[in-house]
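Down below is the structure, laid out as C-alpha cells.
Letters go in sequence order (proteins before strands), and every chain restarts at 1. All values below come from the heavy atoms of this structure, side chains included, with hydrogens, waters and symmetry mates left out.
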Number of protein chains: 2
Amino acid sequence: MMRSGQVTIKDIAKELNISCSTVSRALKDFPGISPATKKAVTDLADKYNYRPNAIALSLRNQKTNVIGVIIPETVHFFFSTVISGIEDAAMKEGYNVMICQSNESYEREADSIDALMGARVDGLLVSISRETADLDHLKKVKDEGTPMVFFDRLVEGMNASSVIIDDYQGAYDATEHLIEQDSKNIVHLTGPSNLIIGRKRKEGYISALEDHQIPVREEYIVECRKGTQEEAEQVMAKLLSTGMAIDGVFASNDVAALGALMAVKKAGLKIPRDIAIVGFSNWQFSSLVEPGLTSISQPGYEIGQQAAQLILEEINSKEKGKSQIKILDTELIVRGSSTRK
Amino acid sequence: MMRSGQVTIKDIAKELNISCSTVSRALKDFPGISPATKKAVTDLADKYNYRPNAIALSLRNQKTNVIGVIIPETVHFFFSTVISGIEDAAMKEGYNVMICQSNESYEREADSIDALMGARVDGLLVSISRETADLDHLKKVKDEGTPMVFFDRLVEGMNASSVIIDDYQGAYDATEHLIEQDSKNIVHLTGPSNLIIGRKRKEGYISALEDHQIPVREEYIVECRKGTQEEAEQVMAKLLSTGMAIDGVFASNDVAALGALMAVKKAGLKIPRDIAIVGFSNWQFSSLVEPGLTSISQPGYEIGQQAAQLILEEINSKEKGKSQIKILDTELIVRGSSTRK
DNA sequence: TGGGCTGTTTCAATCGATTGCAAATCGTGG
DNA sequence: CCACGATTTGCAATCGATTGAAACAGCCCA
C-alpha cells in the first residue's frame, strides 16, 4: 500500500470508523477500551508502523525532549568525545540531541542559540567560543527560563551549573612533574587569555613553581593566541634563539606542545634530555609522536555525561536557581617527552 | 518583567488587545495592516525577544527543517569532519541537525532511526554501522517517503542517493605509489569484509598489482577484523616472523597502518628502506608519527557538504526516485613512510 | 417501561502559528 | 444621514495527540 508520509492517529481512526480519542486511548492502554477495539487498533498500528508524532506531542506538552548543544568545533577529539558522552546520557533518558558548532565565532554562537531556542529545546549545553565576551545572548536564555549548563569552558557571572575539569590542578601536576624531572627553567606556552581555562592553567603553573621555590619569570610565560602548531613552533624557536636557559616546556594544549617539540628538534636539542615537554588534553596523537608526549588527560566522555545529567535534572525539577559546579579530575599521562629518570 | 517560557503570538495579541491573526500578519509584513498596528507589534516582539515557535510551524507546515544524521561514531576524526560539513551546509539553508551515533551497533542504529522518524526529520543522512546487514529499518524509511542519503558507506539494494569516495581508485593510487617506489611484495591489510569500502579497496590493490604484472598472492592479503592498532601490530608481527618477503604494506586504514609501522620498527627493520607503508584516510596523527605516514586523504568535509546538499535537493523537489551517486576523489599524500626516491 | 448502572465511545478544547474568508470600521460623496 | 468602496481586523479551521467531561449503548431490576 502506497501512502505518503507517516501514519497518524487520524488515519487509523478513519480506517476503523472510530474516533481519535479511542485510538489514542487504545494505544496507551487506557482503561475503558473494549478488548476488541484495542486489538484492532494495535494491529493496525503495527501494520502501518505507527509512530507518535513527536512534534504534536511537543506542542501539546510544551516539551520537546531535545537538548541543544553549542560546541566550538566537533572536529576536536576532546569535543567529539564530550558529544559522545552527552549523546549516550541523553538517549538513555529518551532525549534527542541537536548540535550546533560555533566555529569559535561569537556571531555564529548567537545565531545557533537563537535557532535552538526557536526549536524550543528543553535545555542547552554550552561551551562558549573563544571570541565570546558579551554574555547577553546567554542571559536571554536564562531569563526565559530555559535550563542551561556550561561545560569545559566556565562562564563567569552567569550563575549557571557547570561541568569543568580542574585546570588549575592539572597544570600544577604537569609543572610539578617537570620539576621532579629536574627541570628548573620551565617555559609556559599559554592559550588565549580571555578563556578562564587558560588563566587557571597559568595559575597552576605559577603555584607549582612557587611551592618548589623556583622564581616565576614573566619572560618564560608566552601567549600562543591562535593555538596552531605553526604558531607554537615559531614562538618556541624564537625563545630558543634568544639563548635563554630552557630545560622544560609546559604547554596549555597538545597542539602547542607539539609545535614546541618540533622547534626543539629542529634546534638540534634532545627531548627529554635537554628539554622536557608536557602538554595538556592528551589528544589522540599524543601517544603517537616521537617521543610520546606527556600530557594531562581530560575525561571528555565523563564531562559530556555529567553535563547531560545535570541539564536533565534541571529540566525535571521545577526549582530553578540552584546551580552547582562539578569539577572533574585530570590525570597525568607520563610518556617519553618528559621521562628522565 | 518576569515571565516563564518564551513569548508567543498570543501574549503579544493579548497585551495589545488585538487578534493573533493581526499579530501574525504584522510580523510577516503582510499587506493590509495599518502602520500603527505594525509598529506596536514589532516593537513588542523586539522587547520580548519573540521567536516563532518552530514546533508549531513544523506541525502546521508538516516540515521540521531538521535533518537527521546517523553516524557510526562521532569520535572518529573523519566522521566529525563530515558532521562539520553537514552542519555548515544545513545551517546555511536554515536547517538544524539532529545527530545520533550508532556506535557500530545495528540495534542502536534501528532505535536511532525510529527516534529521528518520530521527530519527523525532513530527511536522513546515514552511514550504516559495521554490523548492519538487515536493511528493513532503512526500507521502512524509504516506504514512508522520507528522503534518505547515504554517505561514506554505500548500501546495496536501496536505490538511494549516496556520497562516497572513490575507494577503488584511492587504493589503486596507494598501491601504484608503492610499486613506483620499488616495492614488489606488498602486503594488504584489509578491514572487515562486510563493508563495501573494504572490498573496493581490495579491488584497487589487486588491479594495481595486475596492471604492473605483479602476481597477486592470497597470503599477502590479511584481514584486520577489529580495526585496532594492536590487532594490526600483531597481524604484521606474525607475517614478518614467517620470513615472507615483504617490502611494502598497504593498509586499508591509518590505524592499521600505524600498527604495522610499530611492528616493523620493533622487528628492527627500517622504514621506508626495508618496508614502505601507505595507509588510508589521512588521519590527523598521520603527519605526526615518525616517519610521517603516507596516506590517502578523504575529503570528509566535502562529503558532508555534498550529502547535505543532496538531501536538501530531495526534500525540496517533489520527484522521488531519481537517486544519484556522487563519487569524490581521494588524494595521495606522500610522506616519509614510503619515500625512497 | 423507566430508572439506574456499568462499560464504551465521542466531543471539544488545548498547544502556537497561519490563512481564506467574513466582518467591522472608516472616510467620503450623494 | 445613509450607502458604498477601501482599509483594517477578526473568526475559524488546520496540523496530531491528549484528556476531562459528556453522551451513548446495553443490561438488570423494580
Side-chain angles (χ1 to χ4, degrees), chain A residues 3-42 44-45 48-66 94 117-122 144 146, chain B residues 3-42 44-45 48-66 94 117-122 144 146:
Chain A
R3 269 169 304 92
S4 68
Q6 297 180 52
V7 187
T8 70
I9 273 195
K10 211 179 282 187
D11 299 324
I12 296 179
K14 203 172 294 170
E15 183 152 343
L16 293 176
N17 268 318
I18 56 179
S19 76
C20 295
S21 337
T22 308
V23 175
S24 170
R25 283 192 252 256
L27 287 171
K28 306 201 71 194
D29 236 0
F30 253 57
I33 299 291
S34 71
T37 311
K38 192 179 293 179
K39 180 157 178 17
V41 169
T42 49
L44 211 58
Y48 288 155
N49 198 31
Y50 168 80
R51 291 189 200 85
N53 185 326
I55 298 297
L57 287 174
S58 299
L59 185 59
R60 170 161 235 274
N61 302 331
Q62 302 288 75
K63 183 152 187 333
T64 52
N65 274 41
V66 173
M117 290 298 285
R120 296 308 199 263
V121 293
D122 292 338
E144 280 161 4
T146 301
Chain B
R3 270 168 302 90
S4 68
Q6 297 179 53
V7 187
T8 69
I9 272 195
K10 210 179 282 185
D11 299 325
I12 297 179
K14 203 171 291 169
E15 184 152 343
L16 293 176
N17 267 319
I18 55 179
S19 76
C20 296
S21 338
T22 308
V23 175
S24 171
R25 283 190 259 254
L27 288 171
K28 306 200 70 192
D29 237 359
F30 254 57
I33 299 292
S34 71
T37 311
K38 193 179 292 180
K39 180 158 176 13
V41 170
T42 49
L44 211 57
Y48 289 155
N49 197 31
Y50 169 80
R51 290 188 200 86
N53 185 326
I55 299 295
L57 288 173
S58 298
L59 185 58
R60 170 161 234 276
N61 302 331
Q62 303 287 74
K63 185 153 184 332
T64 52
N65 273 42
V66 173
M117 290 298 285
R120 297 306 198 263
V121 294
D122 291 338
E144 280 162 5
T146 301

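- Close to dC11(D), at under 4.0 Å from its OP1 or OP2, lies no side-chain N or O of S21(B).
- A search for side-chain hydrogen bond (donor to acceptor under 3.5 Å, both in side chains) contacts involving N49(A) returns E144(B), not counting sequence neighbours.
- For I33(B) and Y50(A), each mapped to the nucleotide of DNA chain D holding its nearest heavy atom, the one lying further toward the 5' end belongs to I33(B).
- Along DNA chain D, the nucleotide closest to G32(B) and the one closest to Q62(B) are compared, and the more 5′ of them pairs with G32(B).
- Residue S19(B) places at least one side-chain N or O closer than 4.0 Å to OP1 or OP2 of dG10(D).
- In this structure, S58(A) has no side-chain hydrogen bond (donor to acceptor under 3.5 Å, both in side chains) partners at least two apart in sequence or on a different chain.
- At the heavy-atom level, S58(A) lies nowhere under 4.0 Å from the strands shown.
- Note: I55(B) CD1 to L57(A) CG = 10.5 Å, rounded to the nearest 0.5 Å.
- With sequence neighbours excluded, the residues forming a side-chain contact (heavy atoms from CB on, under 4.5 Å) with K10(A) are T8(A), C20(A), listed by chain and number.
- In this structure, T22(A) reaches the bases: a heavy-atom distance under 4.0 Å links it to at least one base atom across the strands shown.
- Side-chain atoms of Q62(B) and R120(B), non-hydrogen and from C-beta on, never get closer than 4.5 Å to each other.
- Between the P atom of dT19(D) and the CD1 atom of I9(A) lies a distance of 11 Å, rounded to the nearest Å.
- Separating the CD1 atom of I18(B) from the C1' atom of dT8(D) is a distance of 11 Å, rounded to the nearest angstrom.
- Rounding to whole angstrom units, CG of residue L59(A) and P of dT19(D) are separated by 14 Å.
- By the side-chain contact (heavy atoms from CB on, under 4.5 Å) test, A40(B) pairs with L16(B), sequence neighbours left out.
- Distance, R25(A) CZ to dT19(D) P: 9 Å, rounded to whole Å.
- Where I55(B) and P35(A) meet DNA chain C, the nucleotide closest to each residue was compared, and P35(A) sits on the side nearer the 5' end.
- Using a 4.5 Å heavy-atom threshold, the side chains of Y48(A) and D11(A) count as separate.
- Within the 4.5 Å cutoff, the side chain of V7(B) has heavy atoms near those of the I12(B) side chain.
- Relative to the axis of its first five pairs, the axis of the last five pairs of the helix from dT1(C)-dA30(D) to dG30(C)-dC1(D) sits at 100°, rounded to 10 degrees.
- The side-chain heavy atoms of Y50(A) and L44(A), taken from C-beta on, include no pair separated by under 4.5 Å.
- Along DNA chain C, read 5' to 3', the first and last nucleotides having any atom under 4.0 Å from a heavy atom of chain A are dT8(C) to dG16(C).
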